[in-house]
Peer 1: 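Have a look at the structure that comes next, please.
For reference, positions follow the sequence shown, starting with 1. Computed over heavy atoms, backbone and side chain alike; hydrogens, waters and symmetry mates excluded.
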Amino acid sequence: MSDALRHFVSSSAQYLVIAGPVAYEIDYLRPADTKPNRPTSLRLKLVLPGTLAEHDGRPIQYLPAAFGWPQDESGLDYVELDPATLATFPLDPDLEAPVRKMIEFLRAANLQQGAEAVLMEQSITGSSPYNFSRHQRECSGLFAKVAHPVGRNVRGLFKENHLEPYDV
């Protein structure tokens with residue numbers, strides 16, 4: 001049970017940070033042979049980020065066109081969701097701006113991965129004053145600084161005096 005809960009919290013947090021509010025549809029499971037037909041268990045079905053919207057004030061989920069569901073005014077297929085069985089987890093409003101800033105920073109840092117290879121080559125030939133160790137120290141500080149406002153504890157992530165962006 002602890003592994004399932006850890007996976008649920010971890011994946012929900014990832015979706016929440018990267019894509020915004022996370023929604024699950026509660027699917028109540030009922031055995032056919034019980035009277036009255038009371039639920040005996042439930043499962044949470046993820047509503048994929050980016051597919052949840054509202055149509056005429058009701059929650060909907062957009063689906064691939066191949067299913068032939070009703071379409072909204074833009075021509076996209078959707079299915080209505082029962083608001084009573086929808087659990088949505090938003091990001092705390094106080095964390096919204098720092099999390100968006102952190103994600104923007106990490107995406108920019110990801111695009112720069114590997115750029116130091118050219119600089120290292122230039123420093124070997126003496127055509128650049130680039131220093132890999134100093135670069136790693138500065139990156140470590142930047143990753144720690146951008147992660148601090150969201151409560152990210154960076155202890156234990158420093159390895160050989162650097163902090164890997166994918167760890168953050």
Peer 1: Would Tyr24 and Tyr15 count as a close aromatic pair, with their ring centres under 6.0 Å?
Peer 2: no
Peer 1: I need the minimum non-hydrogen distance between Arg58 and Pro83, along with the two atoms involved.
Peer 2: NH2-CD, 3.9 Å
Peer 1: Evaluate the side-chain proximity of Val99 to Leu91: yes if any heavy-atom separation is below 4.5 Å, no if none is.
Peer 2: yes
Peer 1: With rounding to the nearest 0.5 Å, note down the distance linking CE in Met102 to NE2 in His148.
Peer 2: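 One finds 13.0 Å between CE of Met102 and NE2 of His148.
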Peer 1: Listing request: all salt bridge (charged side-chain N to carboxylate O under 4.0 Å, His left out) pairs with a residue in residues 5-15, at least two apart in sequence or in separate chains.
Peer 2: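 Sorted pair list: Asp3-Arg6.
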Peer 1: Measuring from atom CG of Leu48 to atom CD of Gln61, what distance do you get when rounded to the nearest 0.5 angstrom?
Peer 2: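 Nearest 0.5 Å value for the CG-CD distance: 6.5 Å.
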Peer 1: Looking only at heavy atoms, which two atoms of Asp72 and Ser74 are closest? And how far apart?
Peer 2: OD1-OG, 2.7 Å
Peer 1: State, to 0.1 Å, how close Leu46 and Ala23 come at their nearest heavy-atom pair, and which atoms those are.
Peer 2: CD1-O, 3.7 Å
Peer 1: Mind checking whether His55 and Tyr78 have parallel, tilted or perpendicular rings, split at 30° and 60°?
Peer 2: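 His55 vs Tyr78 ring planes: tilted.
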Peer 1: Show your working on side-chain contact (heavy atoms from CB on, under 4.5 Å) between Tyr62 and Leu52 and close with a plain yes or no.
Peer 2: CA-CA 7 Å; Tyr62 287 110; Leu52 183 65; over 6 Å; no
Peer 1: Which pair of non-hydrogen atoms, one from Pro149 and one from Val146, has the smallest distance, and what is that distance?
Peer 2: CD-O, 3.4 Å
Peer 1: Looking at Gln122, is its backbone amide N or carbonyl O close enough to the side chain of Ser127 to form a donor-acceptor pair, meaning the two atoms are under 3.5 Å apart?
Peer 2: yes
Peer 1: Decide side-chain contact (heavy atoms from CB on, under 4.5 Å) for Phe105 and Leu142; before the verdict, give the C-alpha distance in whole Å, the side-chain angles of both, and the deciding distance to 0.1 Å.
Peer 2: CA-CA 9 Å; Phe105 176 86; Leu142 289 171; 3.7 Å; yes
Peer 1: Supply the atom-to-atom distance Leu119 CG to Ile124 CD1, rounded to the nearest 0.5 angstrom.
Peer 2: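 Between Leu119 CG and Ile124 CD1, I get 11.0 Å after rounding to 0.5 Å.
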Peer 1: So how far is it from Leu81 CG to Glu25 CD, rounded to the nearest 0.5 Å?
Peer 2: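 Taking CG in Leu81 and CD in Glu25, the distance rounds to 5.0 Å.
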Peer 1: Looking at every heavy atom in both Pro90 and Leu16, which two are closest together, and how far apart are they?
Peer 2: C-CD1, 3.6 Å
Peer 1: Rounded to the nearest 0.5 Å, how far apart are CG of Leu86 and NZ of Lys45?
Peer 2: 11.5 Å
Peer 1: What are the two closest heavy atoms between Ser123 and Tyr130, and how far apart are they?
Peer 2: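 Smallest interatomic distance, heavy atoms only, reads CB-O, 3.3 Å.
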Peer 1: If you draw a 6.0 Å radius around CD in Glu121, do more than 12 non-hydrogen atoms from other residues or ligands fall strictly inside?
Peer 2: no
Peer 1: Run the side-chain contact (heavy atoms from CB on, under 4.5 Å) check on Leu42 and Asp27 step by step: do they pass?
Peer 2: CA-CA 5 Å; Leu42 63 88; Asp27 186 12; over 6 Å; no
Peer 1: Between Arg100 and Glu104 (salt bridge meaning N to carboxylate O under 4.0 Å), is one present in this structure?
Peer 2: no
Peer 1: Is Arg134 paired with Glu138 through a side-chain N to carboxylate O contact shorter than 4.0 Å?
Peer 2: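 So Glu138 pairs with Arg134 through a salt bridge.
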Peer 1: For the CG atom of Leu76 and the CD atom of Gln71, what is their distance to the nearest 0.5 Å?
Peer 2: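 Rounded to the nearest 0.5 Å, the CG-CD separation comes to 8.0 Å.
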Peer 1: Share the residues that join Leu29 in a hydrophobic cluster, the rule being Ile, Leu, Val, Met, Phe, Trp or Tyr side chains under 4.5 Å apart at the heavy-atom level.
Peer 2: none
Peer 1: Are Val9 and Val17 connected in a single hydrophobic cluster, I mean Ile/Leu/Val/Met/Phe/Trp/Tyr linked by side-chain heavy atoms less than 4.5 Å apart?
Peer 2: yes
Peer 1: Do Tyr28 and Thr40 come close enough that some side-chain heavy atom pair is under 4.5 Å?
Peer 2: no
